[in-house]
Number of protein chains: 2
Amino acid sequence: MELKAMTIGKLSSRAGVKVTTIRYYESIDLMPQPHRSESGQRIYDETSVERLSFIRHARDLGFPVESIRDLIDLQSKPDQDCASVDAIARRQLANVRYRLNQLEALEAELKRMIAACEGGSVENCTVLACLSDHNNCREDEHGRLNGLLEG
Amino acid sequence: MELKAMTIGKLSSRAGVKVTTIRYYESIDLMPQPHRSESGQRIYDETSVERLSFIRHARDLGFPVESIRDLIDLQSKPDQDCASVDAIARRQLANVRYRLNQLEALEAELKRMIAACEGGSVENCTVLACLSDHNNCREDEHGRLNGLLEG
DNA sequence: CTTGCCTCTACAGCCGCTGTAGAGAGTAAT
DNA sequence: ATTACTCTCTACAGCGGCTGTAGAGGCAAG
């Protein structure tokens with residue numbers, strides 16, 4: 001007797017990636033088109049689990065999809081030097097560190113802002129005052145922190 | 001003689017917010033509909049500069065637009081207790097701290113991953129190995145590889 | 001046979017903008 | 001007055017990385 005075919009739901013729970021996300025990955029060609037059963041259901045195998053787990057780990061570490069694409073490409077050329085892999089990882093580390101710095105600055109400012117507030121009416125609220133006039137609140141000059149919120 | 005009317009470009013440079021972003025804020029009712037000149041150009045005044053600056057500062061601090069909406073609402077009721085303002089700020093601080101923790105964990109793992117890689121072919125690349133199997137990577141003694149990446 | 005979850009496709013929506021196209025308005029220099 | 005140039009207008013699509021919806025069909029257990 002045959003083993004039961006792995007459907008998308010099974011793959012989903014094995015790799016820890018939602019069904020809809022798997023279909024999305026397929027639509028952007030991050031996961032290959034799987035075989036289909038007669039009734040049209042997607043059928044996966046162990047290599048799918050591996051690939052999807054790889055993608056998941058990389059996403060967990062914040063690698064953008066495009067980097068993951070590159071990593072998978074590189075993986076398929078095992079004789080090449082791994083310097084390019086290293087470079088992608090270092091780029092990601094630099095990115096994480098950048099966001100870390102920005103968030104630390106944010107935390108400091110929010111803390112200062114909240115600490116200064118001693119309650120009372122909205123009219124005298126230091127939190128709102130800080131937001132209205134940055135300079136009143138800041139101890140040091142930083143650039144804009146736009147774009148910090150993802151991830 | 002009258003002062004020249006403030007157009008969207010002037011407001012943009014005064015508040016440090018892009019023209020397109022101002023129009024976007026208007027479209028989501030975060031900025032009110034401004035007066036228009038005869039030819040249909042948006043005309044702003046000082047209160048617009050203040051409001052937009054407030055929004056910008058709050059965005060810089062990572063407040064989501066919906067929170068900013070709430071803050072502006074509260075601002076217009078100056079007699080109220082500022083506890084609700086405080087609560088919004090604290091929620092934001094909690095959010096920032098959460099992301100900070102996540103990023104710190106990410107940084108540690110990326111560092112470990114990169115430090116372990118000693119070059120060579122893609123086939124033996126520890127970076128790819130880590131991504132393929134998370135658990136292989138977490139076992140390393142904490143701190144042993146620290147510092148290998150600096151400088 | 002019914003129940004109840006699983007899977008299918010196709011498409012809209014999320015956030016917070018950013019970019020595009022094509023047209024009209026305003027200003028400065030010739 | 002004409003040219004050249006910038007600014008502004010509207011409307012809509014696109015970004016990343018999914019998530020959610022609707023409506024239909026598949027499949028196994030009781």
Side-chain angles (χ1 to χ4, degrees), chain A residues 1-31 33-44 48 52 55-70 72 92 95 99 102 106 144-151, chain B residues 2-31 33-44 48 52 55-70 72 92 95 99 102:
Chain A
M1 72 186 268
E2 272 183 71
L3 287 168
K4 211 154 55 174
M6 197 187 331
T7 59
I8 199 169
K10 195 80 210 308
L11 174 62
S12 167
S13 57
R14 293 232 4 226
V17 176
K18 288 185 183 163
V19 167
T20 45
T21 305
I22 297 173
R23 286 198 279 251
Y24 167 70
Y25 286 162
E26 184 185 325
S27 81
I28 61 168
D29 288 324
L30 191 57
M31 284 294 283
Q33 305 254 20
H35 294 118
R36 299 282 185 142
S37 73
E38 283 197 12
S39 62
Q41 299 199 343
R42 290 169 178 82
I43 304 299
Y44 298 93
S48 312
L52 190 52
I55 293 169
R56 194 206 143 174
H57 297 332
R59 287 293 303 132
D60 282 351
L61 286 167
F63 284 89
V65 165
E66 286 317 300
S67 296
I68 300 177
R69 235 185 260 284
D70 293 345
I72 289 174
Q92 176 58 15
N95 185 297
R99 287 190 286 149
Q102 303 290 82
L106 248 63
R144 295 199 60 180
L145 300 173
N146 260 352
L148 258 192
L149 286 185
E150 35 318 326
Chain B
E2 271 184 66
L3 286 167
K4 209 151 61 172
M6 197 186 332
T7 60
I8 198 168
K10 195 80 209 311
L11 174 62
S12 166
S13 56
R14 292 226 13 222
V17 176
K18 287 186 184 162
V19 167
T20 44
T21 305
I22 297 172
R23 286 198 280 250
Y24 167 69
Y25 286 161
E26 185 185 323
S27 81
I28 60 167
D29 288 324
L30 191 56
M31 284 292 285
Q33 305 254 21
H35 293 120
R36 298 282 186 143
S37 73
E38 282 197 12
S39 64
Q41 298 200 345
R42 291 169 177 82
I43 303 299
Y44 298 93
S48 313
L52 189 53
I55 293 169
R56 191 205 141 174
H57 298 332
R59 286 293 303 130
D60 282 352
L61 286 167
F63 285 88
V65 165
E66 286 317 300
S67 296
I68 300 178
R69 234 186 262 284
D70 293 344
I72 288 174
Q92 176 57 16
N95 186 296
R99 287 186 288 143
Q102 301 285 91

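All figures in this text were calculated on a predicted structure; none of them were measured in a lab.
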Rounded distance (Å) that lies between atom C1' of D/dA24 and atom CD of A/Gln41: 13 Å

Value in whole Å for how far the P atom of D/dC7 lies from OH of B/Tyr44: 16 Å

Distance test, side-chain N/O of A/Arg42 to OP1/OP2 of C/dT7, below 4.0 Å: no

Between D/dT19 (P) and A/Ile22 (CD1): distance, integer Å: 11 Å

Selection from C/dT7, C/dT18, D/dT10 that lies nearest to any side-chain heavy atom of B/Tyr24: C/dT18

B/Arg36 side-chain N/O to D/dT10 phosphate OP1/OP2 under 4.0 Å: yes

Phosphate OP1/OP2 of D/dG17 contacted by A/Tyr25 side-chain N/O (<4.0 Å): no

Gap between atoms CG and C1', on A/Asn95 and D/dG16 respectively (whole Å): 13 Å

Euclidean distance, atom CD1 of residue A/Ile8 to atom P of C/dC5 [Å, nearest integer]: 19 Å

Touch class at under 4.0 angstrom, heavy-atom based, for A/Ser37 against every strand present: nothing

A/Val65 side chain, from C-beta outward: closest of D/dT8, D/dG17, C/dG16: D/dG17

Interatomic distance, A/Glu26 CD vs C/dA10 P [rounded to whole Å]: 12 Å

N/O (side chain, B/Ser39) to phosphate O (OP1/OP2, D/dT8) under 4.0 Å: no

Nearest-neighbour nucleotide for the B/Arg23 side chain, D/dC9, D/dG17, C/dG16 considered: D/dC9

Contact under 4.0 Å: A/Thr7 side-chain N or O vs C/dC6 OP1/OP2: no

